[in-house]
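Basis for what follows: all heavy atoms, side chains included, without hydrogens, waters or symmetry-related copies.
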Amino acid sequence: MPTYLIKASYSAEGIRGLLKDGGTGRRDAVEALVTSRGGSLKAFYYAFGDDDLYIIAELPGNTDLVAVSLAINASGGAKVKSNTLLDASEIDEAVQKVVRYRPPGT
């Protein structure tokens with residue numbers, strides 16, 4: 001199952017929800033969202049800086065990630081960005097693949 005890094009930044013409305021629900025309440029809500037798409041929550045961290053949350057989740061595929069992202073973004077409480085994470089064995093597999101590529105201008 002693919003692993004994703006989801007970064008979220010709270011809006012003012014989202015911060016009000018965080019103050020009401022607390023950190024564990026919001027984590028539980030995100031976990032319920034991820035599991036509703038057949039996934040699992042692997043890590044959930046609050047942070048200082050440009051992003052307020054770092055979430056690592058496994059989901060069945062990209063469309064499930066999009067569904068999760070759309071639900072969060074549509075709520076108005078937070079804006080999310082995501083990245084697909086690859087483990088070392090996936091990189092090992094990728095470097096063994098033969099590709100043909102012609103760089104621009106050659």
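- Without hydrogens or angle criteria, Tyr45 side chain to Ile56 main chain gives no donor-acceptor distance under 3.5 Å.
- Separating the CG atom in Leu18 from the CZ atom in Arg27 is a distance of 12.5 Å, to the nearest 0.5 Å.
- Side-chain N or O atoms of Thr35 include one that pairs as donor or acceptor with a backbone N or O of Glu31 at under 3.5 Å.
- Cluster membership check: Ile72 shares its hydrophobic cluster with Leu41, using side-chain heavy-atom separations under 4.5 Å among Ile, Leu, Val, Met, Phe, Trp and Tyr.
- The structure places CG of Leu85 at 9.5 Å from CD of Glu90, a figure rounded to the nearest 0.5 Å.
- Grouped by direct or indirect side-chain proximity (heavy atoms under 4.5 Å, Ile/Leu/Val/Met/Phe/Trp/Tyr only), Leu70 sits with Val66.
- Closest non-hydrogen pair, Leu33 versus Ala71, comes out as CD1-CB, 4.2 Å.
- Contact of the Ile55 side chain with the Tyr4 side chain is not registered, since no non-hydrogen atoms from C-beta on lie closer than 4.5 Å.
- Nearest heavy-atom pair, Ala78 versus Ser75, reported as atom, atom and distance to 0.1 Å: N-OG, 4.3 Å.
- Here the closest heavy-atom approach between residue Glu58 and residue Met1 is recorded as C-SD, 3.8 Å.
- For the residue pair Pro60 and Gly39, the shortest heavy atom distance occurs at CD-N, 4.2 Å.
- Residue Tyr101 places its OH atom among more than 12 non-hydrogen atoms of other residues, nucleotides or ligands, all under 6.0 Å distant.
- For the pair Asp28 and Asp21, the minimum side-chain heavy-atom distance is 4.5 Å or more.
- We find the CG-CG distance between Asp92 and Leu86 to be 11.5 Å, quoted to the nearest 0.5 Å.
- Using a distance-only test at 3.5 Å, with no hydrogens or angles considered, no donor-acceptor pair links the side chain of Asp64 to the main chain of Leu59.
- With ring centers used as reference points, Tyr46 lies under 6.0 Å from Phe44.
- The cluster map of Ile, Leu, Val, Met, Phe, Trp and Tyr, joined by side-chain heavy atoms under 4.5 Å apart, puts Val30 and Leu19 in the same cluster.
- Under the 4.5 Å side-chain heavy-atom criterion for grouping Ile, Leu, Val, Met, Phe, Trp and Tyr, Ile6 is connected to Tyr10 within one hydrophobic cluster.
- Between Asp50 and Lys7 the shortest side-chain heavy-atom distance does not fall below 4.5 Å.
- A distance of 4.5 Å separates OG of Ser9 from CG of Asp51, quoted to the nearest 0.5 Å.
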